[in-house]
2 protein chains.
Amino acid sequence: MIPRSLTYFIAVAEEKNIGRAAKRLNISQPPLSRQIQKLENELGVTLFNRTPKGVELTEAGALFLVEAQNICSVIDRATERTQRAGKGKLGRLDIAIFGSGILNNIPKILLTYKNAYPDVKVVLHTMEKAEQIEALRQRRINVGFNRLLTPLPDISFELITTEKLFLAINENHPYAKQDIIPAYVLGENPLVLYPTGTRPNYIDKVINICHDLGFSPLVSQKVGDVITAIALVSSGFGLCLVPESAISLKLPGVVYRSMSGLPDNAKIDLSCIYRANDNSAILQSFLEVCRTYRATLGKD
Amino acid sequence: MIPRSLTYFIAVAEEKNIGRAAKRLNISQPPLSRQIQKLENELGVTLFNRTPKGVELTEAGALFLVEAQNICSVIDRATERTQRAGKGKLGRLDIAIFGSGILNNIPKILLTYKNAYPDVKVVLHTMEKAEQIEALRQRRINVGFNRLLTPLPDISFELITTEKLFLAINENHPYAKQDIIPAYVLGENPLVLYPTGTRPNYIDKVINICHDLGFSPLVSQKVGDVITAIALVSSGFGLCLVPESAISLKLPGVVYRSMSGLPDNAKIDLSCIYRANDNSAILQSFLEVCRTYRATLGKD
DNA sequence: ATTTTCAATACCTTTATTGCATCAATTTGA
DNA sequence: TCAAATTGATGCAATAAAGGTATTGAAAAT
């Protein structure tokens with residue numbers, strides 16, 4: 001990448017002798033003489049005074065030496081940065097997240113990624129599912145996290161984890177005394193459902209589970225996000241079936257209990273989506289971190 | 001000077017199409033494709049994603065585009081500066097001056113030079129003759145001004161101007177009433193002589209003039225510099241024969257008068273000296289200004 | 001005065017670069 | 001749906017650039 005003429009010029013300037021510089025450059029003396037002449041012609045400036053002992057820089061040559069060394073370092077820096085960018089180690093990654101997803105898994109992934117790729121600027125955007133797909137297509141984001149994602153022709157997805165469901169229940173509720181709560185309880189109590197957003201969503205999931213259990217849920221409230229939902233549980237509005245990661249959300253008067261008797265589909269996935277044709281190094285390195293994270297989960 | 005690979009890369013990045021870029025570069029498409037491949041191999045980074053409509057920059061490619069444009073501007077700036085240095089328009093000029101030389105001619109030359117070559121940093125050093133020659137040989141200065149310079153094998157000199165001599169005389173002296181003072185007055189009054197320094201000097205010159213006039217001068221004082229000499233004239237120590245340029249030195253009680261009857265050699269030169277083998281653009285451009293100045297004087 | 005030490009030149013060889021023709025893949029237009 | 005058009009990639013021959021060997025010419029050292 002560095003122009004040959006500069007390498008040659010710097011060698012001659014440092015050796016103050018064309019023959020010696022040629023030896024250092026592993027070429028013979030005549031071509032080096034010619035290259036220096038050529039450079040002088042291109043610049044229209046005499047860079048060296050030829051002396052009986054060798055050559056010495058003119059004033060302009062001395063200036064050009066400084067400039068040449070500067071050019072070389074600029075080029076080196078540029079190639080190095082480009083190579084790091086090519087390996088996904090330098091750049092910017094726009095990630096869309098959604099309300100409750102941020103609670104447990106995503107922070108861990110982001111932390112791992114940021115440690116592995118400290119020079120990638122990670123920018124988070126809160127978007128719901130439909131917005132994420134639109135933003136992906138418009139290239140405003142590189143990757144989006146969400147649940148219940150369905151494949152599209154131009155959007156690929158990758159599963160991060162599948163979480164078991166837990167019951168958020170007010171500590172004063174009679175069932176709160178039990179460690180494991182039978183599934184039929186869902187049919188006998190009002191439920192707080194979330195999120196009200198793009199279908200299919202987690203509300204549909206919960207309703208399906210209830211149907212599989214043989215009843216329709218009694219809906220106490222439908223709210224937009226998991227925090228509001230748990231807050232309502234705290235206020236005694238009913239029960240709420242939440243993904244495992246929501247357990248880390250502690251609110252006064254709310255306890256989480258595992259359930260028995262749930263159907264097999266009573267799990268909720270967390271996936272990420274990205275443009276199917278996006279093979280950029282930054283995205284690939286991020287997906288790699290996601291896959292490693294998923295593999296790590298399997299072992300625990 | 002700018003690497004072909006960068007020119008090519010930038011064209012392709014801007015056209016987003018190899019064929020179109022090739023047209024712009026006045027080459028055919030295949031070699032451009034190959035040069036881009038070669039660049040990608042050198043960097044070890046994919047710079048473009050090939051699409052059915054053309055090419056598009058990868059993230060690393062987009063970064064490299066910015067870097068490449070930066071490299072080009074650094075190189076352009078470097079060549080431009082080097083060329084200016086080659087024309088003597090950029091750099092540093094160390095000039096030695098001496099006591100009274102600074103009074104009239106040298107400031108004018110310096111002013112002209114600084115206007116013509118504003119980016120040359122002019123550094124002045126006050127030195128007497130012997131010091132100037134030593135400093136020239138040691139390359140601490142590029143040029144020195146002085147009077148009564150003699151040629152040396154390694155030091156060339158160039159005449160700036162030849163000044164007529166004037167008489168500095170105390171305004172209370174009887175002759176001060178005359179506009180033109182006859183030369184014999186020098187033999188009838190004590191003289192203040194300067195400078196006491198490297199021989200031959202201006203003192204020798206004045207003594208020779210007196211001998212040519214047929215007498216030996218009565219020396220009142222020998223002092224180091226013209227200002228001290230004029231100050232002594234001001235105090236009534238005697239007369240002082242000064243170069244024309246000293247007239248600009250106004251001291252209370254001192255008037256300057258032209259003289260009649262002086263011999264032909266009653267003139268004092270001002271020259272500059274420089275290394276005989278110094279053909280640097282900066283020195284040459286300075287000498288050119290000196291020659292122009294001398295030519296201008298002739299016309300006035 | 002001769003040898004040595006430089007850079008420069010002449011002449012040839014090797015390596016890069018380019019252009020032409022063509023291919024393979026994909027999109028566009030009928 | 002199928003042919004035409006457009007895209008970048010590849011093979012091969014021609015050209016341009018760079019390099020090597022031998023030699024020259026000038027100046028310095030011996």
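The structure displayed is predicted, hence computed values, not measured ones. Letters go in sequence order (proteins before strands), and every chain restarts at 1.
- When the side-chain nitrogen and oxygen atoms of A/Ser33 are compared with OP1 and OP2 of C/dA8, one or more of them lie within a distance under 4.0 Å.
- Here the side chain of B/Asn17 is nearest to one of D/dG20, D/dT10, D/dT7, namely D/dT7.
- Checking the phosphate oxygens (OP1, OP2) of C/dT18, a side-chain nitrogen or oxygen of B/Arg4 falls inside 4.0 Å.
- Nucleotides of DNA chain D nearest to A/Pro30 and B/Arg50 differ in position, and the one nearer the 5' end is that of B/Arg50.
- B/Tyr8 places its OH atom 12 Å from the C1' atom of C/dG19, with the value rounded to the nearest Å.
- To the nearest 0.5 angstrom, B/Leu270 atom CG is 8.5 Å from B/Leu149 atom CG.
- Across the protein-nucleic acid pair, B/Arg34 atom CZ and C/dC23 atom C1' stand 14 Å apart, rounded to whole Å.
- Phosphate proximity of D/dG19 to A/Gln35: present, with a side-chain N or O under 4.0 Å from OP1 or OP2.
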Please list every donor-acceptor pair under 3.5 Å in which a side-chain atom of residues 118-125 of chain A meets a protein atom from a residue at least two apart or in another chain.
unit_1	atom_1	unit_2	atom_2	d
A/Asp119	OD2	A/Arg84	NH1	3.4
A/Asp119	OD2	A/Arg84	NH2	2.4
A/His125	NE2	A/Asp94	OD1	2.7

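- Using a 4.0 Å heavy-atom distance criterion, B/Asn26 is classed as a sugar-phosphate-only contact.
- A heavy-atom distance below 4.0 Å to DNA chain C is reached by these residues of residues 52-63 of chain B, ordered by number: B/Pro52.
- For the pair B/Leu297/B/Asn105, a side-chain contact is recorded, criterion being any heavy-atom separation below 4.5 Å from C-beta on.
- Contact between the side-chain N/O atoms of A/Lys38 and the OP1/OP2 oxygens of D/dA17 is not found at any separation under 4.0 Å.
- Side-chain N/O atoms of A/Gln29 include none lying less than 4.0 angstrom from OP1 or OP2 on C/dT9.
- Put simply, CG on B/Asn277 is 14 Å from P on D/dA27, counting in whole angstrom units.
- Nearest nucleotide to the side chain of B/Ile18, out of D/dG19, D/dG8, C/dA7: D/dG8.
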